[in-house]
Amino acid sequence: LNSSDLAASAAATAIEDSGANPETLDLIIVAHNYGDVSFESVQVDTVPSIASRVKHRLGIDNPACIAFDVLFGCPGWILALMQADAFFKAGMAQKALVIGTETLSRVIDRHDRDSMIFSDGAGAVVLEYKESPGGILSSGALSHTREESGFLYMGESSYPCYKPGTKFIKMKGRKVYEYALKFVPQAMKECFDKTG
């Protein structure tokens, strides 16, 4: 299965569980990093967008249902959720399908012990905007791109005899761990403070 297969399956389940008519969706937002990567390959395929592939597989005809992807690393699904909320609050959408999907087993270097926390999976949710108390009270995100931009990168295999030029996702695992310990609690506190 590819990322789009997992995404379509999760989406179908979310739609069924919600009881929503798929033709009434205004948005399909899919968070991922690499699109579809065929089994035993490392070549990424992001055209057409995974969201467009999901819309096609679900058989949604409504051209006003806008399908697009978000590439934002590990917190991509949360950013996709924030984008749906922003569309709602701007009056540009009433109902959204938000999906996170990944098949990172296709792009990891099995010889790299520092980058082995990646996995495959998908999850989806149907959101609907309603004028009522509750919902998403606040949100926040950070994007550090100085030394942090090198914590995740594409690099050659740690196995010296692997085919030269083939690149895999690489992580400076300890640095990512330290970053998370420092900034995630801070971001959460700021989000809680906004809500009062």
Side-chain angles (χ1 to χ4, degrees), residues 1-11 28-54 67-86 97-125 139-191:
L1 297 174
N2 278 325
S3 292
S4 60
D5 299 317
L6 297 176
S9 178
I28 299 174
I29 309 174
V30 178
H32 64 90
N33 289 300
Y34 295 98
D36 282 347
V37 180
S38 299
F39 184 65
E40 295 186 346
S41 170
V42 293
Q43 181 161 353
V44 300
D45 175 3
T46 57
V47 180
S49 70
I50 300 300
S52 293
R53 295 175 199 201
V54 169
F68 64 95
D69 293 356
V70 171
L71 284 79
F72 194 63
C74 293
W77 187 86
I78 294 173
L79 185 66
L81 190 70
M82 291 167 62
Q83 288 184 344
D85 186 50
L97 172 63
V98 178
I99 307 164
T101 187
E102 207 67 81
T103 50
L104 290 174
S105 65
R106 311 285 166 80
V107 292
I108 61 169
D109 176 9
R110 298 182 193 286
H111 306 284
D112 180 1
R113 292 176 52 104
D114 206 27
S115 301
M116 295 297 289
I117 65 167
F118 302 114
S119 63
D120 301 350
V125 64
S139 59
L142 299 172
S143 182
H144 294 100
T145 56
R146 299 296 238 164
E147 69 167 315
E148 300 86 1
S149 66
F151 291 175
L152 290 166
Y153 60 98
M154 298 300 287
E156 292 191 1
S157 176
S158 297
Y159 184 64
C161 298
Y162 202 86
K163 182 180 175 185
T166 303
K167 294 196 173 183
F168 299 92
I169 187 171
K170 297 289 187 165
M171 171 189 281
K172 292 181 180 173
R174 182 71 188 181
K175 290 287 189 185
V176 171
Y177 173 74
E178 290 167 357
Y179 177 88
L181 285 181
K182 181 175 181 181
F183 291 108
V184 172
Q186 174 187 329
M188 292 171 66
K189 171 129 182 15
E190 288 171 6
C191 190

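In this chain, residues are counted from 1 in sequence order.
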Could you check whether atom OH of Tyr177 has more than 12 heavy atoms from other residues, nucleotides or ligands sitting under 6.0 Å from it?
no

Here the pair of heavy atoms bringing Met171 nearest to Val176 is CG-CG2, 3.7 Å

Between CG of Asp109 and OG1 of Thr166, what distance do you get to the nearest 0.5 Å?
10.0 Å

Has Asp45 got a side-chain atom pairing as donor or acceptor with Val37's backbone, closer than 3.5 angstrom?
no

To the nearest 0.5 Å, tell me how far Asn2 CG sits from Phe39 CZ.
11.0 Å

Answer yes or no: is there a donor N or O on one side and an acceptor on the other, between the side chain of Thr103 and the main chain of Asp120, under 3.5 Å?
no

Okay, side chain of Asp36, backbone of Ser4: is any donor-acceptor separation there less than 3.5 Å?
yes

Residue pair Ser158, Lys170: steps toward the side chain to side chain contact (heavy atoms under 4.5 Å, CB included) verdict:
CA-CA 10 Å; Ser158 297; Lys170 297 289 187 165; 3.2 Å; yes

Tell me whether Gln83 contacts the main-chain N or O of Leu81 through its side chain, where contact means a donor paired with an acceptor under 3.5 Å.
no

Minimum heavy-atom separation for His111 and Ser157, please, with both atom names.
CD2-OG, 3.7 Å

Fit a plane to each ring of Tyr162 and Phe168, take the angle between them on a 0 to 90° scale, and name the class: parallel (under 30°), tilted (30 to 60°) or perpendicular (over 60°).
perpendicular

If you look at every heavy atom in Val54 and Ala11, which pair is closest and at what distance?
CG1-CB, 4.0 Å

Nearest 0.5 Å, what's the CD1-CG distance between Ile29 and Leu79?
9.0 Å

Are more than 12 heavy atoms from other residues, nucleotides or ligands located less than 6.0 Å from atom CG of Leu152?
yes

Least distance between heavy atoms, Ser3 atom then Thr101 atom:
O-OG1, 2.8 Å

Looking only at heavy atoms, what is the nearest atom pair of Val70 and Gly76, with distance?
CG1-O, 4.1 Å

Quick one: does any side-chain atom of Lys172 pair with a main-chain N or O of Glu148 as donor and acceptor, under 3.5 Å?
no

Could you pull out the closest heavy-atom pair between Tyr153 and Gly150, with the gap in Å?
CD2-O, 3.4 Å

Side-chain contact test, heavy atoms from C-beta onward, threshold under 4.5 Å: evaluate it for Arg106 versus Tyr34 and give yes or no.
no

For Phe68, is there any backbone N or O sitting under 3.5 Å from a side-chain donor or acceptor partner on Ser49?
no

Just wondering, more than 12 heavy atoms not from Met154 lying within 6.0 Å of its CE?
yes

In this structure, CD1 of Ile99 is separated from NE2 of His32 (nearest 0.5 Å) by 10.5 Å

